[in-house]
Each structure stands twice: as C-alpha cells, then as structure tokens.
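Computed from a predicted structure; not experimentally measured.
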Amino acid sequence: MRAILYICHGSRVKSGQQAALAFIEKTMETNPAPIQEACFLELADPSISEGIARCIARGATEIVAIPFLLLRAGHANVDIPAKLQDIMAHYPDVPLYYGEPIGVDERMINVLIERLQETTEQIPEDAAILLIGRGSSDPATKQDFARIQSLFQEKTGLRNVSVGYLAACEPFYEDEISRLLEQKPDNLYVLPYLLFTGILLKSIERTLKKINTSTAIHFCPALGYAPEIHTILNERADEAAERKRELYVPCYA
C-alpha cells in the first residue's frame, strides 16, 4: 500500500509550522493515496523519522517522499536524501521513491503575480520590483531564479525586475533594495518567493520598516495557499511513483 510523505522545511515560528501543515492537509484532500503524512526536515515536529514510522505503522508497503520545497538546492539534493537513506536502512523491505520539489513552473509565476496584484490593483509600468529568494550555495538556485525572473517579466511586461537573496548567495536583498532606491522610483514592490510566514519573512519586514525614503515601498505577501501548488505536489508524487527510482544520495565533490 502506497504512502505519500510530504517533507516541509520547518520554521521556528509556530504560525509558519501551522501554515505548512494546514496546506499539506488540504493537498491530502486532493490526492487519493490511502496513506499520507507530513513531517519537517528541521526546527519542528514531527521529524522525518517520525513521519516514516507513521506511514509504516499505517501499513505502507512503499513510500513516496516529496520535498515541499520551492527549488532544488542543498536541502532537496543532499540533506533530505541523506536523512531518508539513514532512516530507511531500518526498513529494508519498504522501497522509498524520492520526488522532486516544486521547481520552476509557470503556474508558480502566476501565483507570484497574484500576490503582487493583491497589494495593489494597478501596478505602474515604471515600478521597481524586487523578487526575494531564500538563497543557496548551490549554483542551480541562481539559475532557477534567472528563469523565474525572466518568466515574471514576460508575463507582466514589467521591465525593472530584480532578484535579491536572504543568504548564501549574492546579491543580498538589502543591497538590491539600496540599489533600487538610488534610482528614486515612485514605487518599490518587494515580492518574497517564500511559501509561508516565518523568521525570514519577519526579518524582511523589519528591514523595510527601518528604511527612510520618499519611495512608496509595498511589501507583498508570501506565496501561501494556492490550488496550483496542490496540483504540482500531486504531479510530483505521481512522477516519483511512476519512475520507481529508489532513493539515492547525490555525491557532490
């Protein structure tokens, strides 16, 4: 009997944990799999180990593990697979198929645009837009964000669109904000490419509150709840089950 295990990142902020679990519960309602569980990579419970144990206790004979992450980087490539491999060594008779994260998907760009439009009905053509990502030392992160930036510009027709990161790669978002404000735009829209509220979102908010400028700064909400994301997660689970490629940990020199 197949089980789907959704692996969320985790957050020190309880509301962020609750939002992730609530979202996964809604996703579960759209998937017919008989066994479905959610867990966290870090900072929250249940852990991945507990999530797997729950699946097996409910009768799982195979597990599809889906990283509930936006992009493929260190967590999706290394951290989660390593944990899964260690844990599944205790269950040699239960195959585990590891799926892809959400990835760069045009439907996610549509959600991003919706969050921008929630901030204001009409976006001025000369507005400055800053997309903020979590950041990673994995070079694929910057490549993915370049594609996200390109798709966003293509779909909105906006020209002044920049990308900044919270950590691990450059440009840092604070530096991009300073650079954009030097242009003295009438409006700056700060658009986080993050799933839910948490420490990272709150840190951006604190930074923006300290800025003294004549530019109107609009802080857009996180991606949050969207039916498109449920659909993508279901697709990732189906893809992993169809491939039946058992877990392996990529080796990076």
Side-chain angles (χ1 to χ4, degrees), residues 9 19-20 23 26-27 30 66-73 76 99-136 138-166 169-177 179-181 183-198 200-201 204-205 208 215-236 238-239:
H9 179 273
F23 189 91
K26 290 185 177 181
T27 300
T30 68
I66 300 299
F68 184 29
L69 302 171
L70 286 169
L71 300 173
R72 177 167 286 282
E100 300 284 338
I102 291 169
V104 179
D105 190 296
E106 283 199 30
R107 290 166 291 185
M108 294 301 296
I109 308 304
N110 294 337
V111 176
L112 196 59
I113 294 169
E114 286 174 13
R115 299 299 170 263
L116 178 62
Q117 292 172 335
E118 286 172 11
T119 307
T120 182
E121 290 184 7
Q122 187 66 36
I123 310 297
E125 289 185 4
D126 60 350
I129 310 290
L130 178 61
L131 305 178
I132 297 183
R134 181 184 292 271
S136 170
D138 189 326
T141 295
K142 294 190 74 168
Q143 294 170 7
D144 285 346
F145 256 95
R147 292 170 61 199
I148 289 167
Q149 179 185 15
S150 177
L151 285 168
F152 181 87
Q153 289 181 291
E154 183 181 314
K155 283 178 171 287
T156 61
L158 296 168
R159 296 182 179 180
N160 193 3
V161 180
S162 303
V163 173
Y165 300 96
L166 285 149
C169 60
E170 297 179 345
F172 294 120
Y173 82 95
E174 297 100 326
D175 296 335
E176 276 301 286
I177 288 173
R179 186 185 68 81
L180 290 168
L181 290 178
Q183 301 173 4
K184 301 188 183 301
D186 291 333
N187 292 276
L188 169 61
Y189 293 85
V190 178
L191 192 51
Y193 198 70
L194 301 169
L195 282 166
F196 302 110
T197 187
L200 298 179
L201 208 65
I204 298 170
E205 190 172 20
L208 296 179
T215 295
I217 299 179
H218 311 271
F219 188 32
C220 306
L223 296 167
Y225 296 96
E228 295 93 333
I229 304 178
H230 298 308
T231 301
I232 294 170
L233 289 175
N234 288 334
E235 288 176 2
R236 299 294 175 266
D238 290 342
E239 290 162 3

Could you check Phe219 against Leu201 for side-chain contact (heavy atoms from CB on, under 4.5 Å), going step by step and ending with a plain yes or no? CA-CA 10 Å; Phe219 188 32; Leu201 208 65; 3.9 Å; yes

Worked verdict on Thr231 versus Leu233 for side-chain contact (heavy atoms from CB on, under 4.5 Å): CA-CA 6 Å; Thr231 301; Leu233 289 175; over 6 Å; no

Hey, mind stepping through Asn187 and Ile217 against side-chain contact (heavy atoms from CB on, under 4.5 Å) and telling me if it holds? CA-CA 6 Å; Asn187 292 276; Ile217 299 179; over 6 Å; no

Applying salt bridge (charged side-chain N to carboxylate O under 4.0 Å, His left out), can you list everything that pairs with Asp144, at least two apart in sequence or on another chain? Arg147

State which residues pass ring pair (Phe, Tyr, Trp, His ring centres under 6.0 Å) with Phe23; sequence neighbours excluded, sorted by chain then number. Phe68, Phe196, Tyr225, His230

Can you name the residues that form a side chain to side chain contact (heavy atoms under 4.5 Å, CB included) with Arg236, not counting sequence neighbours? Ile66, Glu100, Asp105, Ile232, Glu239

For Pro221, side chain to side chain contact (heavy atoms under 4.5 Å, CB included) partners two or more places apart: Arg115, Glu118, Thr119

Please list, chain by chain and in numerical order, all residues satisfying side chain to side chain donor-acceptor pair (under 3.5 Å) with Tyr173, sequence neighbours excluded. Thr207

Lys155 meets the salt bridge (charged side-chain N to carboxylate O under 4.0 Å, His left out) criterion, sequence neighbours left out, with Glu106

Taking only residues two or more places apart in sequence or in another chain, which ones pass side chain to side chain contact (heavy atoms under 4.5 Å, CB included) with Asn160? Ala128, Ser162, Leu180, Gln183

First locate atom CG of Leu112, then atom CD of Gln149, and finally report the distance between them rounded to the nearest 0.5 Å. 11.5 Å

I need the single residue from Ile229, Val104, Ile148, Leu195 that forms a side chain to side chain contact (heavy atoms under 4.5 Å, CB included) with Leu70. Which is it? Leu195

Could you list the residues that satisfy salt bridge (charged side-chain N to carboxylate O under 4.0 Å, His left out) with Glu235, not counting sequence neighbours? Arg107

In Å, rounded to the nearest 0.5 Å, how long is the span from CD of Glu114 to CD1 of Ile109? 12.0 Å

If you apply the rule side-chain contact (heavy atoms from CB on, under 4.5 Å), what do you find for Val111 with Ile113, and how did you get there? CA-CA 5 Å; Val111 176; Ile113 294 169; over 6 Å; no

For the pair Thr156 (side chain) and Leu158 (backbone), establish whether a donor and an acceptor sit closer than 3.5 Å, ignoring hydrogens and angles. yes

Just to verify, what does Ser150 make a side chain to side chain donor-acceptor pair (under 3.5 Å) with, not counting sequence neighbours? none

Among side-chain atoms of Asn234 and Thr30, is any donor-acceptor pair under 3.5 angstrom? yes

In this structure, CG of Leu191 is separated from SG of Cys220 (nearest 0.5 Å) by 4.5 Å

Just to verify, what does Thr141 make a side chain to side chain contact (heavy atoms under 4.5 Å, CB included) with, not counting sequence neighbours? Ala73, Ser136, Asp138, Phe145, Tyr165

Residues in salt bridge (charged side-chain N to carboxylate O under 4.0 Å, His left out) contact with Glu228, at least two apart in sequence or another chain: none

Could you check whether atom CZ of Arg159 has more than 12 heavy atoms from other residues, nucleotides or ligands sitting under 6.0 Å from it? no

Quick one: ring pair (Phe, Tyr, Trp, His ring centres under 6.0 Å) partners of Tyr189, sequence neighbours excluded? His218

Once rounded to the nearest 0.5 Å, what's the spacing between atom CD of Gln153 and atom CG of Leu131? 8.5 Å

Just verifying a value: how many Å separate Leu208 CG and Glu174 CD, rounded to the nearest 0.5 Å? 9.5 Å

To the nearest 0.5 Å, what is the distance between NZ on Lys184 and OG1 on Thr215? 7.5 Å

Measuring only between side-chain heavy atoms, which start at C-beta, is Leu194 closer than 4.5 Å to Leu223? no

Quick one: closest heavy-atom pair of Leu71 and Gly103, and the distance? CD2-C, 4.0 Å

Which heavy-atom pair separates Pro67 from Gly99 by the least distance, and what is that distance? CD-O, 3.4 Å

